[in-house]
Every structure is written in C-alpha cells, then in structure tokens.
Amino acid sequence: MLSDAELSKLRWRCRRGFLENDLVLERLLKARGNEFTRDEFTQLKALLELDDNNLWDIIAGRNDDYPPDTEPMVATLRQTLSTH
Amino acid sequence: MAQTIHKYDAVVVGAGGAGMRCSLQLAKAGLRVAVLSKVFPTRSHTVAAQGGIGASLGNMDEDNWHYHFYDTVKGSDWLGDQDAIEFMCREAPKVVYELEHMGMPFDRNPDGTIYQRPFGGHSAKYGEKPVPRACAAADRTGHAMLHTLYQNNVRNKTQFFVEWMALDLIRDSEGDVVGVTALEMETGEVAIFHAKCVLLATGGAGRIFAASTNAFINTGDGLGMAARAGIPLEDMEFWQFHPTGVHNAGVLLTEGCRGEGAILRNKNGERFMERYAPKLKDLAPRDFVSRCMDQEIKEGRGCGPNGDYIALDLTHLGGETIMKRLPSVHEIGKNFANVDVIKEPIPVVPTIHYQMGGVPTNIHGQVVVPKNGNPNTIINGLYAIGEASCVSVHGANRLGTNSLLDLLVFGRAAGNHLVETALGSKAHKPLPANAADYSLSRIAVLDNSTSGEYPQDVANDLRKTMQLHAGVFRTQASMDEGVKKVVAIDERAKHLSLKDKSKIFNTARVEALEVANLMEAAKATMVSAAARKESRGAHTVDDYGDTVEHPLGRNDQEWMKHTLWYTEGNRLDYKPVNLKPLTVESIPPVKRTF
C-alpha cells in the first residue's frame with residue numbers, strides 16, 4: 001500500500017519539462033487514479049528520474065534503453081500513448 | 001514557529017535557460033548563489049525548445065547583426081525597444097560561441113563551423129531573402145542547452161534547491177527587495193531566503209490558456225510574485241500563437257519544419273502563403289502566418305471534415321531528411337495525430353506558445369517601474385530575465401530563435417551587471433520584521449478553508465475563458481466580456497478549498513498557490529488586451545482592421561506605447577517605446593509586408 005505522500009510525490013514528478021510527457025503521464029494518472037502496486041510505483045519512479053527527451057524517446061518507442069526492471073511500466077506507458 | 005533563514009548573495013528563482021545562464025555567471029565570479037526550482041533543473045520548460053538560437057554568425061550565407069536587428073524590430077511590429085534589440089543582436093554571436101566553448105553539441109557543417117538553419121522572419125539585406133541564422137542541436141536545442149548550463153553550474157558550485165516553490169518577494173520599507181519566501185514541498189515548511197538580490201527567471205504563464213504548447217509547470221509564478229509586490233506587468237496582451245500546434249493536442253511542431261522546407265497547404269492543396277507573403281512565404285513571422293492560416297479557415301479553405309485546420313506538408317522532404325533533422329516531428333505526428341509525416345501532411349492550427357510581456361526591465365535585467373515622472377526607475381535588489389521579463393526585445397511578436405537568445409543574452413547580462421557592481425562586497429540589507437507573514441497568511445487561508453472550490457476547477461474555468469476571450473482572434477466585445485468573466489473568476493479564486501491539508505508533499509496546496517499566480521497573469525492579459533484599441537503583432541482584433549490611416553489596424557499615433565498593468569485596482573498605465581538604438585539609426589515604423 002502506498003502512502004499519500006508517496007503518491008503525491010509521484011504525481012508531482014509527473015510534471016515535466018514539455019507537454020508531450022505531461023499529456024501521456026496525465027492520461028496514465030487519470031486512468032489509474034491511486035491504483036499503483038509497489039512494483040509499478042518503483043518502476044514509474046525510476047523512469048521519472050530520466051530527462052524528458054530520454055523519457056519521451058522510451059515512451060514513443062524510439063529507444064529501448066530503459067532502466068532495468070521497468071519493462072512492464074514502459075509497456076503501460078506505450079499503451080497509454082497509443083490509446084489516445 | 002520562526003522560519004529558517006537561508007542567506008545568499010543572490011537567489012535565482014527558476015532553473016531554466018535564463019536562470020542557469022545567470023547563476024553560472026554569478027557562481028563563476030565566486031558569489032554565493034541559490035537557485036530555487038519547482039522541478040529538477042534539466043526538466044525546466046527550456047527543454048522543450050527545439051529550433052535553435054538566432055545569431056548572425058554568417059556560416060551559411062552573408063549575414064550580420066544589422067540584418068538581425070532589422071528583422072527583430074520589424075517582427076516586433078515596432079513595439080520592441082530598439083536599444084534592447086540592438087544589445088541582444090550584437091551580443092548574439094558572443095553568447096553562442098561561449099556556449100560552444102562550454103560544450104554545447106551544436107550541429108556542424110562539413111568544415112566544422114556551426115550549422116545554421118533558416119527560420120521564420122529571419123532575412124538578409126533587410127528583408128530581401130531568407131537567411132539561415134538558427135544555431136541548433138538537431139531538434140533538441142533546449143535540451144542540449146539546459147544540460148550544458150546545468151553541468152557548468154554544478155562545476156561552479158551553484159546551490160540548487162529542487163522542489164521548492166518561491167512564494168513572495170520580501171521588500172523593505174524603502175521598497176528594496178531583500179529576499180524571497182519559498183515553500184519546501186518535501187516538508188511543507190516555508191523558509192526565508194535573505195539575499196542582496198533576487199532574480200526572477202520563472203518563465204511564462206502559458207497555462208492560462210486551454211490550448212497551449214506549454215508544459216503544465218508554466219504557471220507564471222514570477223509574474224504573480226511581482227504583481228503581489230506592487231510591481232506592474234508590461235505588455236501582457238501580447239501572446240504568441242505558434243502556427244503549427246498539432247490540431248486537438250496542442251503539441252508543438254517546431255518552426256524548424258518550415259525552415260527545412262515544410263509547406264502549409266489549404267484544402268485545395270494550395271501553398272497559400274505565396275499569396276500573403278511572396279518573399280518569405282511559409283517563413284514569414286509567426287503572428288503573420290497564424291493570421292493567414294485563420295483567414296484560410298474563415299474563408300472556407302480549411303482542411304478536414306470540419307474545415308478547421310491547415311495541412312503541414314513535409315512529404316517532399318523525404319524520410320531520410322525528416323529522420324535526420326526532424327526526428328521529434330515524426331514521433332509527434334505518429335503519437336498525437338496518427339499521421340506518418342513522411343507519407344502524409346499533418347493537421348495544424350495556431351496554438352498559444354509564448355508570452356511576449358512580463359516584468360519590466362532594462363537591458364541589465366534590473367526591474368524598472370514608473371516613479372516620480374521617470375517611467376524606468378530601478379527597484380533595488382530585483383532583476384527579471386527570460387520569458388518572465390519584458391525588456392522588451394520581442395515587442396508585439398517574437399521571432400523564432402530569439403527566445404533562447406533572449407535567455408542567454410539577458411541571463412548573462414544580469415549576471416555581469418551584478419558582478420560589475422561588486423555584489424559580493426555589499427552587505428545584506430536587514431530583513432523587515434515578520435518577513436514571511438504575508439506568505440504564511442496566504443497558506444493559512446488555504447489550510448483553514450472549510451468550503452469553496454477546488455483549485456483545478458477554477459483553473460480550468462479560467463483557461464476556457466481566456467481561450468474564448470483572449471485567444472488568437474479577438475473582438476472588442478468579446479474582450480470586454482472576458483474582463484468581466486476573469487474578474488468574477490478572481491473572486492472565486494480567493495475562496496479555494498483544499499481536500500488534503502497535510503504538509504508533506506501536498507500538491508493540492510502547491511496547485512492552489514499556482515492558481516493565485518495564474519490569476520494575476522490572466523487578469524493582466526485580459527485587461528491589457530481589452531484596453532488596446534488597435535491591432536499590432538499578435539494582438540489582432542477584428543474591430544481594428546486594415547485602413548489607409550491605420551495599415552493592418554496598427555495605430556502608431558495613439559498606441560505605440562507599452563502597457564503597464566497593476567493588480568491593485570486592476571488599473572493600467574503606459575510608457576513610451578524606446579525607438580532609439582544604442583549606436584545605429586532607428587528603424588522607422590512602416591507597414592509590415594513580407
């Protein structure tokens with residue numbers, strides 16, 4: 001179970017430097033609400049540590065060089081992008 | 001509880017290109033510098049800048065700063081201050097080469113010089129032909145620039161306070177700025193930053209509009225801080241609409257597309273810009289292209305089932321060029337428009353992109369206000385740089401590539417000015433008693449709220465209202481109605497309610513504080529726009545059309561002046577445009593044609 005503070009911090013770190021990432025992450029947060037497992041939380045947190053262009057490259061499928069163990073969340077984000 | 005006090009020579013609010021260029025200059029001089037940022041520095045909105053930095057290096061074709069100066073004055077529709085524009089254009093090559101020496105990975109020509117691409121509104125020989133002037137790092141110029149600046153700042157021991165939101169300026173009894181209050185998001189505590197000077201580098205407030213290319217962090221925090229401290233906001237009616245925002249998404253397609261040869265077409269496949277701008281065609285300035293696109297749509301030549309967008313055609317460029325020079329454009333097409341730009345045109349519409357107005361400054365970045373008959377009286381201890389400021393080099397319309405240039409030139413100039421005035425050897429002025437009280441009271445109102453609306457509901461209504469009444473196409477009646485609506489929303493914004501009252505990482509509280517800043521920017525925009533009874537640059541009003549007396553609706557006799565909006569009383573003042581450059585002849589106003 002994630003704490004409110006953990007979820008809030010996650011939501012804030014979904015605020016990015018450019019709109020493309022904002023829009024995809026907003027879609028994800030809207031779709032999932034507070035329903036993240038501990039694993040998903042850890043994976044998303046690791047991806048949010050990336051620079052915006054690197055993150056966008058991964059979400060857009062141009063780059064598969066994502067952090068170890070984040071593959072399920074990468075797939076979720078790619079799915080979120082393509083179902084707009 | 002007493003607030004923690006941090007003491008620095010200088011506090012920079014905002015860690016985008018302007019903030020970090022300035023902090024670097026200060027840190028290199030050995031000054032103690034703190035930079036406050038809501039997000040990690042390399043995630044500031046500068047990262048979104050794709051196209052390039054304008055500088056007359058002349059690497060591709062004959063060019064010099066006089067041509068760049070002329071283009072910028074003309075692009076500004078004669079609302080830009082010609083002293084500031086000369087300063088910026090002359091400094092441009094210097095700041096680009098400095099950045100190159102810091103390690104910026106610019107694209108290169110085969111001979112090793114910096115590659116330059118053409119961009120809208122940039123010409124050689126005073127408008128005769130387009131000239132490649134944009135220095136770029138593929139279509140990730142802002143990203144490369146932020147990383148270069150961040151690494152150099154770290155090396156020079158700039159101290160970053162990340163996930164801190166600046167709240168309010170602290171002014172003493174003489175009106176001098178002596179610090180700033182800020183909220184540490186991790187703890188929810190408010191601290192005081194006691195400084196010899198504060199620099200606002202918070203970027204624009206593009207999120208006051210519903211359709212915007214701006215990231216969600218662009219909430220005009222520096223504008224709100226300045227307005228609440230009694231400082232006017234200048235020329236806020238002028239917002240640039242980027243011609244190529246993706247239809248129904250807002251995501252920006254860089255002007256570099258058209259620089260590389262992309263063409264705007266109407267539903268008949270016609271390259272309509274040839275009719276409106278025979279010389280520059282698709283590379284005319286953004287306000288002009290946006291207006292032409294609207295004209296096509298209004299006259300029934302828009303594309304799609306509803307005839308409500310224009311087609312941007314890159315297909316003739318070929319897949320290899322697109323993937324090499326414009327890879328992000330290909331991705332955006334695929335993911336936000338379901339279009340492969342190599343094979344088919346992409347739907348675009350003019351979309352809010354950049355704030356030309358801001359906190360009024362001189363060419364050193366010092367904030368200036370009218371006082372005792374002098375329209376440019378300096379406020380001691382306060383500087384503003386970048387999109388948060390209005391120096392004013394962009395006037396009524398900014399040329400593409402002049403935004404990154406603005407960040408570098410005036411970020412550096414502000415830093416240099418502080419170093420030259422021996423900031424390090426000056427003493428801190430004392431803080432006034434209870435320096436954090438105002439900020440604490442604003443937070444207490446939120447924490448003690450028992451009823452009222454949620455911040456996002458009010459912000460969404462504000463955005464819809466601004467889009468409808470201060471969007472790309474304006475009428476006097478609609479703007480007048482918009483003023484009433486924004487004033488009503490401002491009342492609602494005074495009674496926000498928080499569902500979550502916790503302290504640690506309470507993002508609802510942060511968003512409520514952002515709404516207060518959005519409100520100041522929106523009021524300034526709406527009131528300033530409704531008051532300006534002419535069309536000029538990005539401020540195009542149907543009521544003020546093209547006449548013999550006022551070509552393209554521009555009324556220089558009555559309206560060649562800067563607007564100053566004050567939050568107290570929602571009132572306006574004006575000050576003259578500086579038509580006198582530093583060393584060269586003034587460019588006299590003429591009708592803008594391309």
*Asks:* Taking every heavy-atom pair that is under 4.5 Å apart, which of B:Lys38, B:Arg140, B:His45 has the most such pairs with chain A?
*Replies:*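 Ranked by contacts with chain A, first place is B:Arg140.
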*Asks:* Sort B:Val246 into side chain, backbone, both or neither according to what part of it lies under 4.5 angstrom from a heavy atom of chain A.
*Replies:* neither
*Asks:* So that I can tick it off, tell me whether B:Glu189 and B:Lys503 are bridged by a salt bridge, with the cut-off set at under 4.0 angstrom between side-chain N and carboxylate O.
*Replies:* yes
*Asks:* Nearest heavy-atom pair of B:Lys334 and A:Ala60: which atoms, and what distance?
*Replies:* NZ-O, 3.9 Å
*Asks:* Does the ring centre of B:Phe336 sit less than 6.0 Å away from the ring centre of A:Trp56?
*Replies:*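 That pair passes the under 6.0 Å test.
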*Asks:* Sort out for me which of A:Glu49, A:Arg11, A:Glu6 touches chain B most, counting heavy-atom pairs under 4.5 Å.
*Replies:*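 Most heavy-atom pairs within the cutoff with chain B belong to A:Glu49.
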*Asks:* With respect to chain B, which residue among A:Asn53, A:Asp57, A:Leu7, A:Asp52 yields the maximal number of heavy-atom pairs within a distance under 4.5 Å?
*Replies:*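 So the answer, after comparing A:Asn53, A:Asp57, A:Leu7, A:Asp52, is A:Asn53.
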*Asks:* Does the separation of the ring centres of B:Tyr150 and B:Phe160 fall below 6.0 angstrom?
*Replies:* yes
*Asks:* With a 4.5 angstrom heavy-atom cut-off, which part of A:Glu26 approaches chain B: side chain, backbone, both or neither?
*Replies:* side chain
*Asks:* For A:Leu50, which atoms come within 4.5 Å of any heavy atom of chain B: side chain, backbone, both, or neither?
*Replies:* backbone
*Asks:* Which one wins on heavy-atom pair count under 4.5 Å against chain A: B:Ala249, B:Pro327, B:Ser502?
*Replies:* B:Pro327
*Asks:* Hey, is NZ on B:Lys501 packed in by over 12 heavy atoms from elsewhere, all under 6.0 Å?
*Replies:*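 Count over threshold, so yes.
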*Asks:* If every non-hydrogen atom of B:Asp447 is compared with every non-hydrogen atom of B:Arg509, which pair is closest and at what distance?
*Replies:*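 Residues B:Asp447 and B:Arg509, closest heavy atoms: OD1-NH2, 3.1 Å.
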*Asks:* Measure A:Leu10 against the heavy atoms of chain B and call it side chain, backbone, both or neither at under 4.5 Å.
*Replies:* neither
